[in-house]
Novice: 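Pasting a structure here, questions to come.
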2 protein chains.
Amino acid sequence: MPMDSRLEELAFEAAHDHSACVREALSAAAAICEERGVRLTPVRRRVLELVWSSHQAVKAYDLMAQMQGEMAQAAKPPTVYRALDFLMEQGLVHRVDSLNAYVGCPTPGRTHREQLLICTECGAVGEMEDPAVAHALGEAASRAGFSVQRQTVELQGICGACQSV
Amino acid sequence: MPMDSRLEELAFEAAHDHSACVREALSAAAAICEERGVRLTPVRRRVLELVWSSHQAVKAYDLMAQMQGEMAQAAKPPTVYRALDFLMEQGLVHRVDSLNAYVGCPTPGRTHREQLLICTECGAVGEMEDPAVAHALGEAASRAGFSVQRQTVELQGICGACQSV
DNA sequence: AAGTCGAACGTTATATTGTTACACTGCACG
DNA sequence: CGTGCAGTGTAACAATATAACGTTCGACTT
Ligand SMILES: [Zn+2]
Ligand SMILES: [Zn+2]
Ligand SMILES: [Zn+2]
Ligand SMILES: [Zn+2]
């Protein structure tokens, strides 16, 4: 069982063997679901695969469009949204609020307070989990008397690959 | 011209003279628009006033509903969205991405990289601008080779007022 | 084997949020 | 006066998401 976090590094790599990313994400997901006793059904698996079809965030209706014809009938909104809800509950996918879109988590299995990096040039979405950021946020919030339950941190900017063009 | 940042403190104050918040926000907006040579038209002013009708984030279609009948005709979506776009450009209002809603900025006039605090109990939305957070985010992003242009930071949790109930 | 239950999925309709396109008005400016 | 342009009105539509309810199917009980 690999389960390394190599995927974390790849979002902004211009060229890499992306089919390996997909394979790795799917096999990690299968292992996690197995371990938790939840079911990675064909619909859920297919949605996860399509979310991972690039390192960009994917729109729900684009997923539907890609699933036209390949399931028995056309995939309707509830089918896709239910699958996305499941994948998010299991931490396999994150929602990108500032884009109304969804991206595969490169480090599933451990819960985390991730910070997303969204390249406005190439659309790639990376993810980091910086303890100093989490600490600074917690400190600042508690000075304001605020008790944090969840965080949404999304940075828009230019990724390394796009800067070096 | 007051232009203090007292408003910043009030989002989570259980009881306060909120009509003063509204007055202050509107007069600050008028001053800022005057100074910049942009027009705070009646539509824009009314939208800003309604956004400030509480310290909660307000939905665009709720604004429309409240404007029914008071303008010549019913307010249609483009009217409200154009006003919101203007107010956001001028930094008088922020969009809360995680809620698809809009909140008045308590410290307009200076551009800032704000962090929003959203109480899941009472719905109030406060705002802070913590240098340590900004610094940690910048550091972490640049270690990832990422050049930040904009940030979306929204913390969901329980505000001081709701904790002490 | 038959019954029961609940998770997953299908289906239809609807709700919510936001945009496009184009016409009209009124004021600033020559 | 025209002329242009910012602001607004209006109609239609696009994009995103949820509600409500029925069906299927396998696990478990009896
Ligand atoms: Zn890849
Ligand atoms: Zn890029
Ligand atoms: Zn107030
Ligand atoms: Zn509260």
Side-chain angles (χ1 to χ4, degrees), chain A residues 29-30 33-34 36-51 56-90 92-103 123 152 154, chain B residues 29-30 33-34 36-51 56-90 92-103 123 152 154:
Chain A
C33 290
E34 170 71 24
R36 295 180 186 166
V38 297
R39 293 167 53 196
L40 188 63
T41 64
V43 170
R44 292 165 176 177
R45 188 187 150 88
R46 180 62 177 138
V47 168
L48 180 59
E49 185 179 11
L50 287 173
V51 165
Q56 303 183 358
V58 179
K59 301 253 167 188
Y61 275 72
D62 289 346
L63 292 172
M64 269 170 247
Q66 293 193 254
M67 290 171 73
Q68 292 308 6
E70 63 183 40
M71 319 304 287
Q73 316 299 342
K76 306 288 176 51
T79 299
V80 169
Y81 282 106
R82 283 194 286 233
L84 288 171
D85 286 345
F86 169 85
L87 295 170
M88 286 191 290
E89 274 167 22
Q90 300 303 322
L92 301 169
V93 158
H94 301 302
R95 179 180 158 84
V96 187
D97 281 329
S98 60
L99 300 175
N100 291 346
Y102 305 84
V103 69
T152 301
E154 300 176 8
Chain B
C33 290
E34 169 72 24
R36 294 181 187 166
V38 297
R39 293 167 54 195
L40 187 63
T41 63
V43 170
R44 292 166 175 176
R45 187 186 152 90
R46 180 63 178 140
V47 168
L48 180 59
E49 185 178 12
L50 287 173
V51 165
Q56 304 183 359
V58 179
K59 301 250 164 190
Y61 274 71
D62 290 346
L63 293 172
M64 270 170 247
Q66 295 194 253
M67 288 171 74
Q68 291 308 7
E70 63 182 42
M71 319 302 288
Q73 316 299 343
K76 305 290 175 51
T79 299
V80 168
Y81 282 106
R82 284 192 287 232
L84 287 171
D85 287 345
F86 169 84
L87 294 169
M88 286 190 291
E89 274 167 23
Q90 300 303 321
L92 301 170
V93 159
H94 301 303
R95 179 181 158 85
V96 187
D97 281 329
S98 60
L99 300 176
N100 291 346
Y102 305 84
V103 70
T152 300
E154 300 176 10

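Chain identifiers are assigned alphabetically (A, B, ...) following the order of the sequence lines, protein sequences preceding nucleic acid strands; residue numbering begins at 1 within each chain.
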Novice: Base, sugar-phosphate, or nothing for A/Tyr102, non-hydrogen atoms under 4.0 angstrom?
Specialist: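 If one applies the 4.0 Å heavy-atom cut-off, A/Tyr102 turns out to touch the sugar-phosphate alone, with no base involved.
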
Novice: OP1 or OP2 of D/dT16 less than 4.0 angstrom from a side-chain nitrogen or oxygen of A/Lys59, does that happen here?
Specialist: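 Yes.
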
Novice: Using whole Å, what does the distance between atom P of nucleotide D/dA15 and atom CG of A/Leu84 come to?
Specialist: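 Between P of D/dA15 and CG of A/Leu84: 18 Å.
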
Novice: Indicate yes or no: at least one non-hydrogen side-chain atom of A/Met88 is less than 4.5 angstrom from one of A/Tyr102.
Specialist: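 Yes, side chains in contact.
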
Novice: Would you name the heavy atoms of B/Met67 and B/Val47 that are closest together and state the gap between them?
Specialist: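 For B/Met67 versus B/Val47, the nearest heavy atoms are SD-CG2, 3.9 Å.
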
Novice: Does a side-chain heavy-atom distance below 4.5 Å link B/Val58 with B/Leu50?
Specialist: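 No, side chains not in contact.
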
Novice: So does A/Thr79 get a side-chain nitrogen or oxygen closer than 4.0 Å to the phosphate oxygens (OP1/OP2) of C/dG10?
Specialist: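 Yes, within the criterion.
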
Novice: Rounded to whole Å, please give me the gap between NZ in B/Lys76 and C1' in C/dT17.
Specialist: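 About 17 Å, once rounded to whole Å.
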
Novice: Which heavy-atom pair separates B/Val51 from B/Val103 by the least distance, and what is that distance?
Specialist: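 Smallest interatomic distance, heavy atoms only, reads CG1-C, 3.6 Å.
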
Novice: Any side-chain N or O of A/Arg39 under 4.0 Å from OP1/OP2 of D/dA27?
Specialist: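 False: A/Arg39 side-chain N/O out of range (4.0 Å or more) of D/dA27 OP1/OP2.
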
Novice: What is the distance, to the nearest angstrom, from the CG atom on B/Leu99 to the P atom on D/dT16?
Specialist: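 Going from B/Leu99 (CG) to D/dT16 (P), I get 18 Å.
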
Novice: Give the minimum heavy-atom separation between B/Leu48 and B/Val93, together with the two atoms involved.
Specialist: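 That would be CD1-CG2, 3.7 Å.
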
Novice: Counting just side-chain N and O atoms, does A/Thr41 come under 4.0 Å of either OP1 or OP2 of C/dC9?
Specialist: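 Yes.
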
Novice: What string of B, S and - do you get for nucleotides 19-30 of chain C, 5' to 3', when a contact is any protein heavy atom under 4.0 Å?
Specialist: BB----------

Novice: Using whole Å, report how far CE of A/Met64 lies from P of C/dT11.
Specialist: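 These atoms are roughly 14 Å apart.
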
